[in-house]
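Could you have a look at this structure, given as C-alpha cells, before my questions?
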Amino acid sequence: MSAVPDGKKLVRSSSGLRMVPENGAFTSPFSLEEPQWVPDKECPRCMQCDTKFDFIRRKHHCRRCGRCFCDKCCSKKVALPRMCFVDPVRQCAECSLASQKEAEFYDKQVKVLLGGGTFVVTLGTSEKSETMTSRLSNNHRYLFLDGESHFEVELSRISSMQILTDGSSPGGGTSRANGMLLHYKPMGSQDVQQLRVEAADDKKVASLWLTAMHKAAKLLYEARDQ
C-alpha cells in the first residue's frame, strides 16, 4: 500500500489496483463496494452458460458482481470507476454493459455537474429567493450553492429528488428540465429541509446540469441499495 499526495492511496485487492480516499469518510456517494467473490468450491460450473470447469476451462470472477464464469462469459475488461479501479477489470457480459453505460456519466455528466449552473434558489417555505450557482464538489460529496450567501447540501443526506420540467416543447418534442426539488437533512439535524432550484437566465446550461443531476441521483440511489 502506498500513499499519494492528493489524499488518496493505492491499494491492491484480489480484483486489482484501486485508488481510494485516504479517509473512508470521504468516499464518493456514487461508489460501490467490492463484492465478495463466490468461493471456488461453490462454483463447479459457469454461472452463465453452465460449462463445467476443468484443467482447460478455468474459472474467472466478475469484479463487479463477484460471480464465477468461464473465460467466454467473462472476457471483457471494462473501466469500473465506481469501485475506483485504476485499470479496466474483468467483468461478465451483464456487468460490463452496466459499467459501459456509467462511463458516459463519468466522462460527460460529471464534468457538467462540476461546471455548475445558475439557478433561482428557494430554501424551505420561504418567499425569498436568491440567484445562485449550483455545482458538484470535486469529491462528488456535496452540492455547493453560491450567491450572496453560501451553503452546502451533502448528497448522502438527500432523501428525495424531483426534476421539474417545462412541459412539452414546440413540435411535440420531449420536455426540458427547468428545475429541481430536493428534500434533505442538513448537517447535524434530522429535520428534513426542502430546497427548490429553478433555471435562471441560461436555461440551456441549466437544463443540461439538471439532466446530469438526475443521472447522478440514479447512481446515488443504486449505491444505497447495494
Item to complete: Would you indicate whether the side-chain heavy atoms of Glu154 and Met187 approach each other to under 4.5 Å?
Response: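 Yes. Closest side-chain heavy atoms under 4.5 Å.
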
Item to complete: Can you establish whether the number of heavy atoms outside Asp54 located under 6.0 Å from its atom CG is more than 12?
Response: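 Atom CG in Asp54 is crowded, with more than 12 foreign heavy atoms closer than 6.0 Å.
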
Worksheet item: So, Thr118 side chain and Thr133 main chain: donor-acceptor pair closer than 3.5 Å or not?
Response: no

Discussion item. Is there a path of hydrophobic side-chain contacts, each under 4.5 Å between heavy atoms, that joins Val78 and Phe69?
Written reply: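 In one cluster with Val78: Phe69, no.
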
Worksheet item: In terms of hydrophobic clustering (I, L, V, M, F, W, Y; side-chain heavy atoms under 4.5 Å; direct or indirect links), are Val192 and Met180 co-clustered?
Response: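 In one cluster with Val192: Met180, no.
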
Item to complete: Spell out, yes or no, whether Phe144 and Leu114 are grouped together once hydrophobic residues are joined by side-chain heavy atoms under 4.5 Å, including indirect joins.
Response: no

Worksheet item: Given the rule that I, L, V, M, F, W and Y join up when any side-chain heavy atoms are under 4.5 Å apart, are Val110 and Ile163 in one cluster?
Response: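 Result: yes, single cluster for both.
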
Discussion item. Between Ser31 and Arg82, does the side-chain contact (heavy atoms from CB on, under 4.5 Å) criterion hold? Intermediate values first, please.
Written reply: CA-CA 4 Å; Ser31 295; Arg82 296 186 71 186; 5.7 Å; no

Item to complete: Taking Lys59 for its side chain and Cys43 for its backbone only, find out whether a donor-acceptor pair lies under 3.5 Å.
Response: yes

Worksheet item: So which pairs with a foot in residues 40-52 pass side-chain hydrogen bond (donor to acceptor under 3.5 Å, both in side chains), sequence neighbours left out?
Response: none

Worksheet entry | Distance-minimising heavy-atom pair for Leu220 and Leu155 | CD2-O, 3.5 Å

Worksheet entry | Pairs flagged by ring-ring contact (aromatic ring centres under 6.0 Å, His included) wherever residues 79-114 is involved - sequence neighbours left out |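 Found Phe30-Phe105.
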
Worksheet item: Say you draw a straight line from SG of Cys84 to CE of Met19; how long is it, rounded to the nearest 0.5 Å?
Response: 9.5 Å

Discussion item. Do Cys65 and Cys95 have side chains that approach each other closer than 4.5 Å (heavy atoms only, starting at C-beta)?
Written reply: yes

Item to complete: Check ring-ring contact (aromatic ring centres under 6.0 Å, His included) between His60 and all other residues, then give those that pass, not counting sequence neighbours.
Response: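 Per chain and number, His60 pairs via ring-ring contact (aromatic ring centres under 6.0 Å, His included) with no residue.
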
Discussion item. Does any part of the side chain of Gln109, heavy atoms only, come nearer than 4.5 Å to the side chain of Glu104, both counted from C-beta?
Written reply: yes

Worksheet item: Any side-chain heavy atom of Leu182 sitting closer than 4.5 Å to one from Arg196?
Response: no

Worksheet item: Would a distance-only check, ignoring hydrogens and angles, find a side-chain to backbone donor-acceptor pair under 3.5 Å from Arg135 to Gly117?
Response: no

Worksheet item: Hey, what do you get for CG (Leu80) to OG (Ser15), rounding to the nearest 0.5 Å?
Response: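 The CG atom of Leu80 sits 9.0 Å away from the OG atom of Ser15.
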
Discussion item. Contact between Arg57 and Cys70 at the side-chain level, heavy atoms closer than 4.5 Å - yes or no?
Written reply: no

Worksheet item: Got Arg67 and His61 here, is their nearest side-chain heavy-atom distance under 4.5 Å?
Response: no

Worksheet item: What are the two closest heavy atoms between Cys92 and Cys62, and how far apart are they?
Response: N-SG, 3.3 Å

Item to complete: Classify the side-chain pair Gln190/Lys185 by whether it contains a donor and acceptor separated by less than 3.5 Å.
Response: yes

Worksheet item: With Arg157, which residues qualify under side-chain hydrogen bond (donor to acceptor under 3.5 Å, both in side chains), at least two apart?
Response: none

Practice prompt. Please report the C-alpha distance between Arg64 and Ser99 in whole Å, then the side-chain angles of each, then the deciding distance to 0.1 Å, and finally whether the side-chain hydrogen bond (donor to acceptor under 3.5 Å, both in side chains) criterion is met.
Written response: CA-CA 9 Å; Arg64 181 171 178 133; Ser99 295; 3.0 Å; yes

Worksheet item: So, for Trp37 and Ser14, which heavy atoms are closest and what is the spacing to 0.1 Å?
Response: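 Minimum heavy-atom separation between Trp37 and Ser14: CH2-O, 3.6 Å.
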
Identify every side-chain donor-acceptor pair in residues 207-216 under 3.5 Å, counting partners at least two apart or on other chains, and give the distances.
unit_1, atom_1, unit_2, atom_2, d
Ser207, OG, Ala177, O, 3.3
Trp209, NE1, Leu113, O, 3.2
Thr211, OG1, Ser207, O, 2.9

Worksheet item: More than 12 non-hydrogen atoms from neighbouring residues, nucleotides or ligands closer than 6.0 Å to CD on Glu94, yes or no?
Response: no

Discussion item. Any side-chain to backbone donor/acceptor pair from Ser189 onto Pro186? Under 3.5 Å, distance only.
Written reply: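 The answer is no, because no donor-acceptor pair under 3.5 Å joins these two groups.
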
Item to complete: Is it possible for you to say whether Leu181 and Leu195 belong to one hydrophobic cluster, with membership spreading through side-chain heavy-atom contacts below 4.5 Å?
Response: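 No, separate clusters.
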
Worksheet entry | Test item: Leu164 and Asn178 side chains (from C-beta on) under 4.5 Å apart, heavy atoms |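 Yes; the side chains approach each other to less than 4.5 Å.
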
Worksheet entry | Reported SG-to-CD distance for the pair Cys74 and Gln91, which is rounded to 0.5 angstrom |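 CD of Gln91 is found 8.0 Å from SG of Cys74.
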
If you look only at distance, which donor and acceptor atoms sit under 3.5 Å apart when one is on a side chain in residues 146-153 and the other is two or more places apart or in another chain?
unit_1, atom_1, unit_2, atom_2, d
Asp146, OD1, His150, ND1, 2.4
Ser149, OG, Glu130, OE1, 2.8
Ser149, OG, Glu130, OE2, 3.3
His150, ND1, Leu145, O, 3.4
His150, NE2, Glu152, OE2, 3.1

Item to complete: Would you name the heavy atoms of Met161 and Ile158 that are closest together and state the gap between them?
Response: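 The pair with the smallest heavy-atom distance is CE-CD1, 4.3 Å.
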
Practice prompt. Apply side-chain hydrogen bond (donor to acceptor under 3.5 Å, both in side chains) to the pair Ser159 and His183, showing each step before the final yes or no.
Written response: CA-CA 6 Å; Ser159 56; His183 290 94; 5.7 Å; no

Worksheet item: Of the options Arg18, Arg63, Arg12, which is the one that meets Glu34 in a salt bridge (Lys or Arg N to Asp or Glu O under 4.0 Å)?
Response: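 Single salt bridge (Lys or Arg N to Asp or Glu O under 4.0 Å) partner of Glu34 among Arg18, Arg63, Arg12: Arg18.
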
Worksheet item: With a 4.5 Å heavy-atom cut-off, do Glu102 and Leu219 have their side chains touching?
Response: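 Heavy-atom side-chain distance check passes, below 4.5 Å.
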
